[in-house]
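What follows is a short report on a single structure.
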Amino acid sequence: MHNVQLARAFAQLADLLELAGENPFKVRAYRRAADLLASLNEPAASLLRDGRLIQMPGIGRQIAAKVDELLATGRLRALEAAAARFPAGLLEIMELPGVGPKRARSLFEHLGVSNPRELDEAARAHRVRAVPGFGAKSEADIVRNLAVLEKRTGVVLLSLARRLAADYAAHLAACPGVERVMIAGAVRRWEELVGELNLVAASRDPAGTLAAARLHPLVAEITGQGGDFFRATTPWGLTLKVTVAADGASFWWIILRETGPRDHVRRLEDLAVSLGLEPRPPGFSRAGGPLPVNGEEDLYRALGLPYLPPEVREDGSEVDRALAGWIPRLLDRGQIRGDLHVHSAYSDGRNSMGELAAAARRLGYAYLAVTDHSASLKVARGLSTEVLAAKNRAIDEYNAANPGLRLLRGAEVDIRPDGSLDYPDEVLAGLDVVIASVHSRFNLPRAQMTERVVKAVQNRYVHILGHPTGRLLNQREPYALDLERVLAAARDHDTWLEINASPERLDLSAEHVRLAAGLGVKVVIGTDAHEMNNLEYMEYGVAVVRRAGVDPATVVNTWEGGELWRALGKKR
DNA sequence: GCCGTTTTCGGCCCGACTGTTTTCAGTCG
């Protein structure tokens, strides 16, 4: 059993116990364990075996024993017992905004609704407003939010999809006859949300491979199949498609097709026909026979195109741009010189600054901005000005003693509803990097929210606008905001916009990055890491920039130290 | 359920917002 599955079991256990009214701290302990398991970068099984798992923060004897039970038996009795008390559909109802464990349970007990569909019926029949604590407003909210919930079923965050795909790829690679495996589809294109895992194998024994490939916990129910593929539902809501290439030469053709998206492939096929080529496996053929194919590059070359990496494949218009001379020069992970948005244990991060710095060194970074929350964000243990001053001194001491990597004195400062910042100017002036972010009052009217954010962008002490639209993928819509006005203000005041690389945000999006770059606004990738493993989110931010197709020089953290210090200092 | 130089029990993230109420419970960040 893989870490994501372990994490899911604990998260479900936490949800169910919450529903049962269990001690909230116990619930949180399980939730923390789920988060930890999901963030491990080695198998929990090996950590458990050599005793390191139980040493991790938040893992005690009980949780370690439950991990052991899951790994040994594939089951968790505590979870089964909790699941027997409440229908699974109640957990989906709890995902509705404004509906938590208490209200979900109340709906179940008063109306007998046990899943979103039944709740929808009850709400439309105005039976919800009769339940104590509910009224006409919440009834209407439920109907509206159920529609949103419906829309997002079957789609998961890219980060989860990548883990599931990697786990499944390992299984597929071990199936009989398999010579190589590649992940295609939306995961390969780094789409923010993924509805289908798409894997391709080259095999000497296609039938044997397809038969064995089904024997995996990810395969719930087969919903379609043909001679060289099957499609299945998974326990995670998204679908799985596995295609097998019977001969090695066709592998790249199938990879291209399965990577998609459909419109891009169609445009390539149309182009081939217009060039007198016939698009068919293993690639493109002319009268004399097929053109040689030893990789995807050859397929593009046959059409007179530069290689178009998966991230830029869209609706086909990129093919025309390439025909007109565009050659994608995309940001590369190796160009990133540092991370400008990280939380330490001073606020709500898990690791000390020393641990974060060591992790940044391992990534080869030249700088790392430690940007803990400001005072008013109590939930995240925001720093008082006194603690911030002490932290700044600790950073100076670190830098004096440790050449090579420079820690930057930073803060992620709350933008108050009136657009003012949560630290006084003299405190902001003492920082190397100031990120300004909205963390409260998300529901301001559009004009007011725009005013608020523009004011922050215009503030002479602000370098970066953090997670500019505030969206949480699959969870929360962006706040009402006139982004074009914000971008114009950013351009006028030389304020940078963040690409928050946390997989649940990816904010700015690729489209917005393109818009920003077009206006001459610089962007910064920040991982918003709350623990050192999350520094790896940088690759998600890089993918956003690649999908936007903008010049790497637009991205501030490709700059070398000296250039960055100068730019940061100019703001004072 | 976890944790510990305020340590083996009793804390654990806390305040604002919302819609429902007539004074507050539940949810959320």
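Side chains are part of it too, since the values below use all heavy atoms of this structure and drop only hydrogens, waters and symmetry mates. Reminder, nothing fancy here: chain letters follow the sequence lines and each chain counts from 1.
- Comparing B/dT20 with B/dC12, their C1' atoms are spaced 30 Å from each other, to the whole Å.
- Checked for salt-bridge contact, A/Lys26 and A/Glu18 miss the test: no charged N lies under 4.0 Å from a carboxylate O.
- The residue A/Pro24 sits apart from the nucleic acid: no heavy atom pair falls under 4.0 Å.
- At the phosphate of B/dG1, neither OP1 nor OP2 sits under 4.0 Å from any side-chain N or O atom of A/Arg61.
- Rounded to a whole Å, the OH atom of A/Tyr30 is 13 Å from the P atom of B/dC3.
- As rounded to whole Å, 12 Å separates atom P of B/dT18 from atom CG of A/Asp141.
- What separates CZ of A/Arg416 from P of B/dG15 is a distance of 17 Å, to the nearest Å.
- Among the protein residues, A/Ala136 comes within range of the sugar-phosphate backbone only, with heavy atoms under 4.0 Å from sugar or phosphate atoms but none that close to a base.
- The closest donor-acceptor contact from the side chain of A/Ser138 to the backbone of A/Phe134 lies at 3.5 Å or more, if one exists at all.
- Counting to the nearest Å, the P atom of B/dA16 and the CG atom of A/Asp414 are 13 Å from each other.
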Practice task
Treat primed atoms plus P, OP1 and OP2 as sugar-phosphate and everything else as base, then score nucleotides 23-29 of chain B 5' to 3': B for base contact with protein heavy atoms under 4.0 Å, S for sugar-phosphate contact only, - for none.
Solution key: ---SSSB

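- Residue whose closest nucleotide on DNA chain B sits further toward the 5' end, between A/Gly133 and A/Lys26: A/Lys26.
- If you check every strand for non-hydrogen atoms under 4.0 Å, A/Asn23 touches a base.
- The side-chain heavy atoms of A/Leu383 and A/Lys391, taken from C-beta on, include a pair separated by under 4.5 Å.
- The main-chain N or O of A/Ser344 is found under 3.5 Å from a side-chain atom of A/Asp372 such that the two form a donor-acceptor pair.
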Problem - Stepwise side-chain contact (heavy atoms from CB on, under 4.5 Å) test for A/Leu408 and A/Arg406 - result: CA-CA 6 Å; A/Leu408 296 170; A/Arg406 176 159 169 198; 3.7 Å; yes

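- For the C1' atoms, the distance linking B/dT23 with B/dT18 amounts to 15 Å, nearest Å.
- Out of B/dC17, B/dG19, B/dG1, the shortest distance to the side chain of A/Lys66 is found at B/dG1.
- Taking atom P on both nucleotides, B/dA16 is separated from B/dT22 by 24 Å, rounded to a whole Å.
- The same atom, P, is picked in B/dG1 and in B/dT6; the two are 27 Å apart, to the nearest Å.
- What separates CZ of A/Arg32 from C1' of B/dC12 is a distance of 10 Å, to the nearest Å.
- Although no hydrogens or angles enter the test, the distance criterion places no donor-acceptor pair under 3.5 Å between the side chain of A/His493 and the main chain of A/Val457.
- For A/Leu36 and B/dG1, the CG to P distance is 17 Å, given to the nearest whole Å.
- Residue-level contact check: A/Arg28 touches the bases, meaning some heavy atom is under 4.0 Å from a base atom.
- Judged by distance alone, with hydrogens and angles left aside, the side-chain atoms of A/Asn145 form a donor-acceptor pair with the main-chain N or O of A/Asp141 at under 3.5 Å.
- In this structure, A/His341 has its ring center no closer than 6.0 Å to that of A/His530.
- When the C1' atom is used for both B/dC9 and B/dG15, the distance is 27 Å, rounded to whole Å.
- When the C1' atom of B/dG15 is taken as reference, atom CG of A/Asp422 falls 14 Å away, rounded to whole Å.
- With a 3.5 Å ceiling on both atom-pair distances, the Watson-Crick or G-U wobble partner of B/dC2 is B/dG11.
- Distance, A/Leu13 CG to B/dC2 P: 12 Å, rounded to whole Å.
- Across the P atoms, B/dG26 and B/dT21 are found 13 Å apart, a figure rounded to whole Å.
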